[in-house]
Amino acid sequence: MNVLTQTEDTLKQEIAASIIKANLTSEEELPEIILEKPKDKSHGDFAANIAMQLARIAKKAPRQIAAEIVENLDQTKASIEKVEIAGPGFINFFMKTDFLGEVVPAILNARENYGKTDAGQQEKVQVEFVSVNPTGDLHLGHARGAAFGDVLCNILDASGYQVEREYYINDAGNQIDNLALSVEARYLQALGNNAEMPEDGYHGQDIMEIGKTLAAEFGDKWVNTDREERLAFFKEYGLNYELGKIEKDLADFGVQFDNWFSERSLYKENKITNALKTLDEKGFIFEKDGATWFKTTEFDDDKDRVLIKQDGSYTYLTPDIAYHKNKLERGFDKIINVWGADHHGYIPRMRAAIQALGYSAEQFDVKIIQMVNLFEGGEKVRMSKRTGKAVALRELMEEVGIDAVRYFFVARSNDSQLDFDMDLARSESNENPVYYVQYAHARICTMLKQAEEKGFSVNKDFDAGLLTAEKEVDLLKKLGEFPQTVTEAAQKHTPHKVTQYVFDLASLLHSFYNAEKVIDPENKEQTFARIALMKAVRITLANALRLIGVTAPEKM
RNA sequence: GUCCCAGUAGCUCAGCUGGAUAGAGCAACAGCCUUCUAAGCUGUGGGUCGCAGGUUCGAAUCCUGCCUGGGACGCCA
């Protein structure tokens with residue numbers, strides 16, 4: 001429980017009590033008390049618009065209502081320093097600031113746990129993300145999804161949810177057969193044979209590598225073997241190679257999964273026929289034109305969807321339905337999918353499946369990650385998976401660095417397209433926000449080190465009551481907000497709020513640094529208090545950066 | 001034609017369940033290093049919130065229509 005929410009809750013209760021006492025409305029009709037944090041400091045620490053909301057119910061002028069609320073308010077109990085009625089009927093509350101003194105000790109005590117809450121009440125959430133077909137390199141768009149998904153999991157975890165990260169491996173179906181054919185062509189080419197790439201082949205550099213490796217390792221061994229056997233081998237070989245690469249790239253990017261779920265296992269364990277049976281029993285299946293259809297229009301989809309094609313094979317949707325059925329059977333309260341923007345049209349049919357299987361649509365959520373446009377030298381870099389000219393995650397990490405890539409990807413809302421400026425991300429200058437934040441952390445580390453060297457013990461008791469300078473109060477308030485910010489980001493699935501927070505906190509730190517001197521041998525008590533404050537800021541910066549997967553350097 | 005996302009300062013973007021004079025970074029301009037890292041700070045200028053209606057005490061935010069950009073509309077995955 002943090003001190004800020006506590007004061008806020010108490011204030012809400014007191015306002016409600018006051019309204020009842022003033023006889024403005026009944027308890028039943030009382031609207032929810034909403035307190036906002038005004039942008040303008042002159043509007044206090046909290047502002048309530050309840051008087052305007054009550055205007056109609058109480059049939060009185062808002063300012064009159066506000067006056068009556070203030071009159072009946074127990075200001076001492078609510079820790080109010082000063083109340084003002086402003087504008088059309090806002091009540092502005094200026095809170096007693098002594099509670100701020102509790103912020104720093106609370107952080108120093110919680111350390112790496114500061115920011116964690118139990119808001120999620122151990123709800124079981126599964127997040128499936130990346131899930132790229134194992135047929136090529138991870139590129140820019142996947143990287144954004146990876147960063148988003150990973151950070152979302154981090155903040156859910158910090159907010160008291162039980163999170164599981166999962167990657168769905170599409171190791172069955174057409175694309176894998178195509179992979180085998182592509183590998184075959186590259187292998188034969190590597191041996192100098194004439195071989196053409198299949199129509200829908202994968203033209204990436206990586207497939208050529210596989211071909212060369214196979215040629216080097218096996219020579220012409222596979223040229224004269226039975227084609228079926230050859231393709232079967234190449235399929236497994238290619239799959240393992242690609243998956244290994246994907247896993248390595250992601251791990252280097254700081255993303256690790258709890259579970260790698262194989263599409264094939266759905267076939268092996270009859271999960272697909274099972275799911276089909278369930279849908280059939282519930283009456284959502286019908287036959288038409290020699291194919292088997294799923295009546296998704298029963299659930300707001302544009303048209304019904306084919307599950308089993310005329311040739312007897314499944315569409316992509318069919319195993320996917322079985323997969324999602326399996327997810328829910330594993331007991332998750334909620335399953336979240338992170339998909340690229342090009343898959344958004346797929347949502348209604350998947351949601352239909354969830355409902356048709358007897359689950360609630362509420363349990364299923366899809367986060368759409370909008371496209372990433374890459375800019376270099378002021379020009380847009382075109383990408384295409386077919387030509388293999390995609391900018392790979394690997395390349396990006398090497399050129400730009402993991403910290404910058406991750407920071408940039410979670411700096412913006414997932415449903416805005418993102419312009420990724422290579423030059424900016426690469427630059428080690430003040431234009432680059434990553435360095436700005438990391439610099440704040442490094443700065444504090446230097447101060448704490450110097451304090452120690454000058455004989456100021458960092459762990460000494462201090463008087464938090466001495467932290468009253470304007471910049472100090474700003475920092476204390478911001479520090480106190482952190483747990484709420486994380487919780488909000490978790491509940492609304494908005495990781496970029498944490499990125500924004502860490503930037504704001506860094507900004508306040510820099511501002512404080514330039515305005516006040518921390519280490520002052522002439523003023524020991526103040527120095528101890530400020531060292532403690534710096535330590536609290538350092539912990540909070542580090543915790544926030546850890547959530548977004550960016551390092552917090554001690555020196556720059 | 002239908003659906004999804006976006007349209008806010010020169011550029012890139014925030015803006016929470018509707019609230020007070022619409023914010024940040026970069027860019028521009030003017031200042032600040034004998035003092036804990038100037039990868040920093042302080043200040044200034046800059047906006048018909050795509051357009052038009054509607055809902056209401058109040059709309060960048062909600063509703064409707066339109067315009068622009070991107071994406072999706074397969075018995076592909």
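Of the residues in residues 311-326 of chain A, those placing a heavy atom less than 4.0 Å from an atom of RNA chain B are Thr315(A), Tyr316(A), in numerical order. A heavy atom lying under 4.0 Å from RNA chain B marks none of the residues of residues 522-531 of chain A. Residues of residues 293-306 of chain A having a heavy atom closer than 4.0 Å to RNA chain B, listed by number: Trp293(A), Lys303(A), Val306(A).
Here Ala341(A) lies in heavy-atom contact (under 4.0 Å) with sugar-phosphate atoms only. Here Ala47(A) lies in heavy-atom contact (under 4.0 Å) with a base. Residue contacts shown for Ala440(A) are absent, as no nucleic acid heavy atom lies under 4.0 Å away.
The only member of His343(A), Lys327(A), Glu166(A) that meets side-chain hydrogen bond (donor to acceptor under 3.5 Å, both in side chains) when paired with Asn337(A) is Lys327(A).
For Tyr436(A), no side-chain nitrogen or oxygen approaches OP1 or OP2 of A38(B) to under 4.0 Å. An OP1 or OP2 oxygen of U42(B) is reached within less than 4.0 angstrom by a side-chain nitrogen or oxygen of Ser511(A). Taking side-chain N and O atoms only, Lys309(A) has a distance below 4.0 Å to OP1 or OP2 of C76(B).
Both Gly345(A) and Phe90(A) sit near RNA chain B, but only Phe90(A) has its closest nucleotide nearer the 5' end. Mapping Ser507(A) and Ala48(A) onto RNA chain B via the closest heavy atom, the residue that lands nearer the 5' end is Ala48(A).
Sorted by first and then second residue, the ring-ring contact (aromatic ring centres under 6.0 Å, His included) pairs with a member in residues 513-541 of chain A read Phe456(A)-Phe528(A); sequence neighbours excluded. Here side-chain hydrogen bond (donor to acceptor under 3.5 Å, both in side chains) pairs that include residues 519-532 of chain A, with residues two or more places apart or in two chains, are Glu472(A)-Arg530(A), Glu516(A)-Arg530(A), Gln526(A)-Arg530(A). Screening residues 290-304 of chain A for salt bridge (charged side-chain N to carboxylate O under 4.0 Å, His left out) gives Asp301(A)-Arg305(A) as the qualifying pairs, with residues at least two apart or on separate chains.
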Using atom names, set out every protein N or O paired with an N or O of nucleotides 68-70 of chain B below 3.5 Å, distance rounded to 0.1 Å.
unit_1 : atom_1 : unit_2    : atom_2 : d
G70(B) : O2'    : Gln417(A) : NE2    : 2.9

What N/O pairs connect the protein and nucleotides 14-18 of chain B at under 3.5 Å? Give each pair on its own line.
unit_1 : atom_1 : unit_2    : atom_2 : d
A14(B) : OP1    : Ser413(A) : N      : 3.0
A14(B) : OP1    : Ser416(A) : OG     : 3.2
A14(B) : O2'    : Gln500(A) : OE1    : 2.7
A14(B) : O2'    : Gln500(A) : NE2    : 2.5
G15(B) : OP1    : His496(A) : NE2    : 3.3
C16(B) : O3'    : Lys492(A) : NZ     : 3.4
C16(B) : O2'    : Lys492(A) : NZ     : 2.0

Dump every N/O contact between nucleotides 34-36 of chain B and the protein below 3.5 Å, one line per pair.
unit_1 : atom_1 : unit_2    : atom_2 : d
U35(B) : O2'    : Lys517(A) : NZ     : 2.8
C36(B) : O3'    : Gln450(A) : NE2    : 3.2
C36(B) : O2'    : Gln450(A) : OE1    : 3.3
C36(B) : O2     : Ile519(A) : N      : 3.3
C36(B) : N3     : Val518(A) : N      : 3.1
C36(B) : N4     : Tyr513(A) : O      : 2.8
C36(B) : N4     : Glu516(A) : O      : 2.6

Below 3.5 Å, can you tabulate the donor-acceptor pairs from side chains in residues 413-425 of chain A to any protein atom, sequence neighbours excluded?
unit_1    : atom_1 : unit_2    : atom_2 : d
Ser413(A) : OG     : Asp415(A) : N      : 3.3
Ser413(A) : OG     : Asp415(A) : OD1    : 2.7
Asn414(A) : ND2    : Ile368(A) : O      : 2.8
Asp421(A) : OD1    : Asp423(A) : N      : 3.0
Asp421(A) : OD1    : Leu424(A) : N      : 3.2
Asp423(A) : OD1    : Arg426(A) : NH2    : 3.3
Asp423(A) : OD2    : Gly377(A) : N      : 2.7

Would you tabulate the side-chain donor-acceptor contacts of residues 83-95 of chain A under 3.5 Å, counting partners in other chains and residues two or more places apart, or write 'none'?
none

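With hydrogens and angles ignored, no donor-acceptor pair under 3.5 angstrom links the side chain of Asp342(A) to the base of G71(B).
Between the CD atom of Glu199(A) and the C1' atom of C76(B) there is a distance of 13 Å, rounded to whole Å. Rounded to an integer number of Å, the gap from Asp474(A) CG to C41(B) P is 14 Å. The distance between atom NE2 of His441(A) and atom C1' of U37(B), rounded to the nearest whole Å, is 15 Å. One interatomic measurement links the two molecules: CD1 of Ile444(A) to C1' of G40(B), which rounds to 13 Å at whole-angstrom precision. Between Asp421(A) atom CG and G25(B) atom C1' there is a gap of 13 Å when expressed in whole angstrom units. Whole-Å rounding puts the Asp177(A) CG to C76(B) P distance at 14 Å.
Remark: side-chain polar atoms of Asp311(A) are paired, donor with acceptor, to backbone N or O of Ser313(A) under 3.5 angstrom. Proximity of a side-chain donor or acceptor of His324(A) to a complementary backbone N or O of Ala322(A) within less than 3.5 Å is not detected. Between the side chain of Thr318(A) and the backbone N or O of Tyr314(A) there is no donor-acceptor pair closer than 3.5 Å. Proximity of a side-chain donor or acceptor of Tyr323(A) to a complementary backbone N or O of Lys271(A) within less than 3.5 Å is not detected.
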Next on the checklist: Working note: Asn432(A) + Tyr407(A), criterion side chain to side chain donor-acceptor pair (under 3.5 Å); need CA distance, chi angles, decisive distance, verdict.
Outcome noted: CA-CA 10 Å; Asn432(A) 196 334; Tyr407(A) 187 96; over 6 Å; no
Item to check | Working for side chain to side chain donor-acceptor pair (under 3.5 Å), residues Gln438(A) and Asp403(A) | outcome: CA-CA 10 Å; Gln438(A) 293 183 318; Asp403(A) 285 342; 3.0 Å; yes
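The 12-atom threshold is not exceeded at NZ of Lys449(A), counting heavy atoms of other residues, nucleotides or ligands nearer than 6.0 Å.
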Checklist entry - In dot-bracket notation, what is the pairing pattern of RNA chain B, taking Watson-Crick (N1-N3 plus N6-O4 or O6-N4) and G-U wobble (N1-O2 and O6-N3) contacts under 3.5 Å, with [ ] crossing and | for other strands? => result (((((((..((((.....[...)))).(((((.......))))).....(((((..]....))))))))))))....
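Between His496(A) and Phe148(A), a ring centre-to-centre spacing not shorter than 6.0 Å is recorded. Taking the six-membered ring for Trp and the full ring otherwise, Tyr167(A) and Phe129(A) have centroids separated by 6.0 Å or more. Ring centroids of Phe294(A) and Phe286(A) are separated by 6.0 Å or more, keeping the two rings apart.
Stacking between Phe503(A) and G25(B) is absent: the aromatic ring centre is not both under 5.5 angstrom from the base six-membered ring centre and within 30 degrees in plane angle.
To the nearest 0.5 Å, atom CD1 of residue Ile308(A) and atom CD of residue Glu287(A) are 7.0 Å apart. Remark: Met556(A) CE to Glu554(A) CD distance equals 12.5 Å, nearest 0.5 Å.
The pair Glu242(A)-Lys245(A) counts as a salt bridge, with a side-chain nitrogen and a carboxylate oxygen less than 4.0 angstrom apart.
Gln484(A) and Glu488(A) form no side-chain donor-acceptor contact under 3.5 Å, judged by distance and modelled atom types alone.
Here C62(B) is in the anti range [glycosidic angle more than 90° from 0].
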